[in-house]
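Everything on this sheet refers to the single structure shown next.
Predicted, not measured: the structure shown is a model, and the values here were computed from it.
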Amino acid sequence: MSPKSQSNLLTQRRFLPYFLTQALGAFNDNVYKNILLIFIAYASVHTLPLSADLLINLAAGLFILPFFLFSASAGILADIYDKAKIMRIVKLAEVIIMCCAAVAFIYQSYLTLLFLLFLMGTQSAFFGPAKYALLPQHLKKNELVSGNALVETGTFLAILLGTIIAGVIANSDNGRYIAAISVIIFAILGYLASLAIPAAPPSQQHVKFQWRPWQQTRHTMKIAQQDKIIFQCIIGISWFWFLGACYLTQFPNFARTNLGGQASSVSFLLTLFSIGIAVGSMLCDRLSQHRVDPGIVPIGCFGISLFGFGLYAMTPSVIPATDGIIAFISQPSLWPVFISLLLLGIAGGIFIVPLYTLMQQRAKEDQRAQIIAANNIWNAVFMVISAIAAIVCLSLLQLSIPQFFLLLAGLNSLVLLYIYFQAPDFFWRFVVWVVTHTMYRVSHHNLNNLPQQGGTLLVCNHVSYMDALLLAGACPRPIRFLMDKDIYNLPVVNTFCRACKAIPVDANDRKSVRTAFAQVATYLENGDIVCVFPEGHLTQDGEIAPFMRGIDLIIKRSTVQVIPVALQGLWGSYFSREGGHALLKWPKRCWSKVTIVAGECVPSQATDSQLLRQQVIALRGDKR
């Protein structure tokens with residue numbers, strides 16, 4: 001996709017009405033919920049049926065409870081009925097609920113408002129599976145990351161704006177009447193936006209829905225665990241919501257107790273965090289070049305730990321005295337805290353977008369909504385656990401809020417280690433992409449010729465010591481490289497090569513060659529991409545040397561797709577042998593343009609080393 005893909009989606013009818021519906025729903029949820037909480041917190045004791053503290057905690061529980069009760073049923077409904085139609089029905093229900101809420105606001109009926117909050121949670125529980133399962137139907141595969149990035153951006157900005165607007169409404173004169181009118185208007189706008197969402201036909205058209213919440217919940221949770229990667233995505237997303245809930249619930253006391261802020265300071269902290277997540281979501285899309293890239297997840301996870309620790313380390317030991325929001329923002333001793341919080345949000349956005357996208361992409365079409373439903377259930381479980389963790393750490397263990405943040409950063413570091421050891425090659429591939437795209441202006445052509453799955457053999461010319469890194473960074477799938485054993489065994493390099501499952505070979509040792517070719521065959525049979533440089537060494541003159549006979553042996557041994565690839569623009573670089581030994585000469589240029597060109601897939605039975613060499617020469621052309 002082009003760099004303008006994100007803004008282009010916002011002009012498409014297949015995405016814009018959906019985006020507006022989702023954003024308005026998140027916005028109105030938070031307007032209603034926060035107005036209610038503020039009214040309860042500042043209401044006269046005699047107007048409340050129960051204590052304010054009890055009502056506030058009850059409100060939080062009532063909003064989460066429907067996700068446990070109804071998510072599984074909602075997922076099944078979204079798989080057997082039109083998702084766009086479900087979204088419209090849910091938004092119409094929101095209009096009706098908000099009309100009732102308007103009356104309850106005017107008459108200050110807090111028990112009614114709490115019951116309606118439960119209904120709002122219910123409509124959100126039914127909205128979620130249809131919302132996320134619809135995206136893969138309306139977006140192309142190379143638009144899915146951009147779509148999810150925009151959804152997360154819109155959601156968190158809507159939450160932020162809804163929270164701020166709720167505070168303005170609740171603290172204004174005649175707040176009850178303004179609240180009543182506002183929630184109805186926002187609900188109607190959401191419903192009108194949903195009317196323009198294109199149809200999203202069901203994947204299971206002849207299945208009859210039966211209302212069995214408990215059995216459906218067990219079945220949905222079981223489906224989510226059938227695919228290990230999907231389940232890991234769900235747990236990763238739930239961990240994000242655990243951290244988010246832990247941080248957000250502590251902002252009011254953190255601002256007052258540790259930063260010397262007022263009530264308005266809490267909104268500023270929330271603004272920084274939400275803007276950070278929005279920026280991180282969009283940045284993730286750009287960094288991944290609009291494709292699903294699990295290698296970004298550990299980068300985001302590392303940032304969460306680093307900047308979570310920053311919140312602890314940068315909290316001033318002496319509480320500054322501030323008498324307003326301007327003084328709060330202008331206080332230099334608090335700027336490191338603000339920067340850490342913003343960067344924490346950015347890291348969170350980078351962490352969450354690939355997980356949502358990968359979950360949607362891997363889910364079977366006829367189970368996608370149920371997978372989303374299972375995700376919602378796990379999210380709710382983790383958010384409840386976050387509340388328990390905060391109570392235990394802050395009340396029973398008597399930790400300070402900065403110490404609690406330090407504990408969260410430490411726990412997240414354990415998650416980071418787990419993620420790394422689950423898929424180290426994805427992590428290193430992303431690091432390689434960052435390094436190579438910093439050193440060179442890399443472009444590529446026809447990489448969409450690479451199949452999304454299945455064993456594939458890449459055959460490429462060998463110009464410099466950067467060749468493998470450039471290919472690894474450009475290919476959307478991990479590549480297993482056949483490489484010289486002496487280089488493989490170099491300190492530090494060996495750690496990287498083992499993590500990326502490179503295949504060492506000593507061309508002068510027949511046993512080593514047989515072992516390496518057996519590993520190549522195994523990787524290809526397992527559906528991996530393997531890259532071979534058939535020249536066997538770096539080019540001495542910039543031209544493509546004859547291919548060694550080993551490539552013919554590999555082709556005869558494995559029945560796979562073979563793709564010729566050419567590198568352009570590397571001859572003359574510091575890592576090539578032009579003008580002397582590679583790495584032992586002064587660099588002549590920096591940030592030069594490098595192009596990777598892929599040819600058409602050919603079956604291994606229909607090619608040989610000579611044909612592949614001719615194809616690589618043709619792809620490279622005159623650009624050495």
Enter the distance from Leu9:CG to His138:NE2 here, rounded to the nearest 0.5 Å.
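Atom-to-atom, Leu9:CG and His138:NE2 are 13.0 Å apart.
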
Measuring from Ile529:CD1 to Gln453:CD, what's the distance to the nearest 0.5 Å?
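Ile529 atom CD1 to Gln453 atom CD measures 11.0 Å (nearest 0.5 Å).
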
Phe382 atom CZ: more than 12 heavy-atom contacts under 6.0 Å:
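Correct, the count exceeds 12.
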
Looking at Gln568 and Leu619, would you say the former's side chain and the latter's main chain have a donor-acceptor pair under 3.5 Å?
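It does hold such a pair.
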
Main-chain N/O of Ser576 paired with Ser464 side-chain donor or acceptor, under 3.5 Å:
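Between the backbone of Ser576 and the side chain of Ser464 there is no qualifying donor-acceptor contact (under 3.5 Å).
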
What verdict does the side chain to side chain donor-acceptor pair (under 3.5 Å) test give for Gln12 and Tyr18, after you've listed the backbone C-alpha separation in whole Å, the side-chain angles of each residue and the deciding distance to 0.1 Å?
CA-CA 10 Å; Gln12 303 291 319; Tyr18 162 90; over 6 Å; no

Will you find, in the side chains of [X] and [Y], an N or O donor that is under 3.5 Å from an N or O acceptor?
X	Y	value
Asn412	Trp239	yes
Glu525	Ser558	no
Gln361	Lys141	no
Asn148	Gln360	yes

Salt bridge present between [X] and [Y] (N-O < 4.0 angstrom):
X	Y	answer
Arg624	Glu543	yes
Asp227	Arg362	yes
Arg14	Glu143	yes

What verdict does the ring-ring contact (aromatic ring centres under 6.0 Å, His included) test give for Phe405 and Tyr247, after you've listed the backbone C-alpha separation in whole Å, the side-chain angles of each residue and the deciding distance to 0.1 Å?
CA-CA 8 Å; Phe405 291 164; Tyr247 283 114; 5.0 Å; yes

Report the relative orientation of the aromatic rings in Phe533 and Phe481; use parallel for angles under 30°, tilted for 30 to 60°, perpendicular for over 60°.
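Ring orientation of Phe533 relative to Phe481: parallel.
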
Residue pair Arg477 / Thr456, side-chain heavy-atom distance below 4.5 Å
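In contact.
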
Name of the residue among Ile419, Leu358, Leu355, Thr357 meeting side chain to side chain contact (heavy atoms under 4.5 Å, CB included) with Pro294
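One option only clears the test, and that one is Leu358.
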
